[in-house]
**Student:** 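To start, I am sharing the structure in question, which I have written as structure tokens.
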Amino acid sequence: MWNETAQTMPTAQLRALQLQRLQELVSRVHEWVPFYRERLDAAGVVPGAVNGLEDLAKLPFTSKYDMREVFPFGLFACASEDIVEVHMSSGTTGKPVVSGYTRGDLEIWGEVMARTLDAGGAGAGDVVQVGYGYGLFTGGFGAHYGSTRLGAMTLPMSSGNTFRQINTMVDFGTTVLACTPSYAMFIGEYAAEHGIDLPNGPLRAGFFGAEPWSEGMRAEVEAKLGIKAYDIYGLTELIGPGVAAECTEQNGLHIFEDHFYPEIIDSETGEVLPDGEVGELVLTTLTRTGTPVVRYRTRDITYLIDEPCACGRTSRRIHRLMGRNDDMLIIRGVNVFPQQVEEVLLRVEGVEPYYQIVVDRDGSMDTLEVEVEMASSLFSDEVKVILALERRIEHELKLALGIQATVKLVNPKTIERSEGKAKRIVDRRAVTTGA
Ligand code: DLL
């Protein structure tokens, strides 16, 4: 195991280390970052006031909105000449969020990403193809730093150019693929169409994240590529990928707790919930010095698992993400996460794992339409067969979600393929109400 000492540390020792690092974090941000100093002072927290991990709850939360206020460099907790690399969230709405890395932070990133790849059995001797985008997005560089740290042969492909991705896989005998799960699906589909037999080739593991995906999607990707598919989690504000990752047990994602401290809160009240209860994940960096973050509200919904894992890692795990607060659709008063729709679709024979969820408003009524591609075997079937399948999926969705949806089977290959984060929700309500 990569850095076994850190990853199998007895819990008491880990908690002591976390406390010491938390105290250092509070002193650092208080000294360097006016934004944190003001908020800590307002909350009555002076450095030295944190005497136990439970005192973390006294610290104010940080949100994406707070971070945007101090764009671009307002969160640096070191001299700006010590920052050697910068990444940024995509920021589709409002200003993006900046993460600045010191040399030390890049070391940490390489370390936690090496742990991520090692957790799924990758190592020196592997040929790792990085199909996450390189650039301000953290996926490409994160996977790259982890792979080179492990000593694997690293192919910095970036995302896109699918034909070349597949040829490179064949030519170099790629054994490990790192990209978004939706891009992995597309690569599998493209290879099959071009008569390239990836399932029986050397590819054996995939490290997929950066977007929501379901167990059903995992099964699809594993079959299409002939691999084990591991779920990996992270976000720009914290470091990028490398916050948590599945081990070969594929049963929850181990948080690299010596670097990132997790809490689960009730989104409404901000109250910290006990392990096992579902809520919003809040993360604190324990070792970063470029842009450390105190109690960042991720908006991601999951729960903490504090049970021993057969792999021997002692950290707590998060359950596969269940959705994001801000992706949750409220349709006629019912909460729906896109992953729930995906789970239903992938259980049905005769449809492909390419879909789009369209929410609209008809008068004062919210409408939910799910467009999903039919399998090519159905394509030439009679209309009544297709209609019957649509009604069946509508019935399944009603059972699972408790609301009526309209299902439209669309022709094969009509839903746009994704090379990065797939866009699966189209919410037309915001446009029609002008909100
Ligand atoms: O997506 C970092 C990353 C790159 C993670 C490569 C994994 C692999 P952001 O662009 O800042 O960073 O987006 C972060 O993506 O808050 C989640 O909502 C979502 N996300 C990331 N990983 C997963 C996952 C990168 N495994 C946001 N499952 C997060 C579901 C994920 N959602």
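Order of appearance sets the numbers: ligands from 1, and atoms from 1 within every ligand. Residue numbers count from 1 along this sequence. Please read all numbers here as calculations on a predicted model, not as lab measurements.
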**Student:** Got a salt bridge between Arg115 and Asp258, using NZ or NE/NH1/NH2 to carboxylate O under 4.0 Å?
**Tutor:** yes
**Student:** Of the side chain and backbone of Thr138, name the one, both, or neither that has a heavy atom under 4.0 Å from an atom of ligand 1.
**Tutor:** side chain
**Student:** Should the ring pair Tyr134 and His144 be called parallel, tilted or perpendicular, given that the plane angle runs from 0 to 90° and is split at 30 and 60?
**Tutor:** perpendicular
**Student:** How does Leu321 reach ligand 1, by side chain, by backbone, by both or by neither, if only non-hydrogen atoms under 4.0 Å count?
**Tutor:** side chain
**Student:** Under a 4.0 Å N-O cut-off, is there an ion pair linking Glu416 with Lys423?
**Tutor:** no
**Student:** At less than 4.0 angstrom from any non-hydrogen atom of Lys421, what atoms of ligand 1 do you find?
**Tutor:** 1 (O), 9 (P), 10 (O), 13 (O), 15 (O), 25 (C)
**Student:** Using a 6.0 Å distance limit plus a 45 degree cone around the ring axis, check whether Arg320 lies over the aromatic ring of Trp213.
**Tutor:** yes
**Student:** To check your reading of the model: name the closest protein heavy atom to atom 16 (O) of ligand 1, its residue, and the distance in Å.
**Tutor:** Asp300 OD2, 2.7 Å
**Student:** State, to 0.1 Å, how close Glu31 and Arg37 come at their nearest heavy-atom pair, and which atoms those are.
**Tutor:** O-NH2, 3.0 Å
**Student:** If the threshold is 4.0 Å, N to carboxylate O, is there a salt bridge linking Arg288 and Asp105?
**Tutor:** yes
**Student:** Hey, does the side chain of Ser99 reach the backbone of Ile239 with a donor-acceptor pair shorter than 3.5 angstrom?
**Tutor:** no
**Student:** List the closest protein heavy-atom neighbour of atom 8 (C) of ligand 1: residue, atom name, distance to the nearest 0.1 Å.
**Tutor:** Tyr132 OH, 3.4 Å
**Student:** Would a 4.5 Å heavy-atom cut-off, applied to side chains only, mark Arg28 and Thr289 as touching?
**Tutor:** yes
**Student:** So is Arg320 close enough to ligand 1, meaning a heavy atom under 4.0 angstrom away?
**Tutor:** no
**Student:** With a cut-off of 4.0 Å, which atoms of ligand 1 are near a heavy atom of Asp231?
**Tutor:** 24 (C), 26 (N)
**Student:** Heavy-atom contacts with Gly139 under 4.0 Å: which atoms of ligand 1 show up? List them by number with element.
**Tutor:** 4 (C), 6 (C)
**Student:** Tell me which protein heavy atom sits closest to atom 28 (N) of ligand 1, plus the residue, atom name and distance to 0.1 Å.
**Tutor:** Glu211 O, 3.3 Å
**Student:** Give a yes/no on ligand 1: does Phe207 have at least one heavy atom closer than 4.0 angstrom to it?
**Tutor:** no
**Student:** Looking only at non-hydrogen atoms, which of Gly234, Ser99, Ala210 approaches atom 23 (C) of ligand 1 most closely?
**Tutor:** Ala210
**Student:** Would you mind checking which non-hydrogen protein atom is closest to atom 11 (O) of ligand 1, with the distance to 0.1 Å?
**Tutor:** Thr236 OG1, 2.5 Å
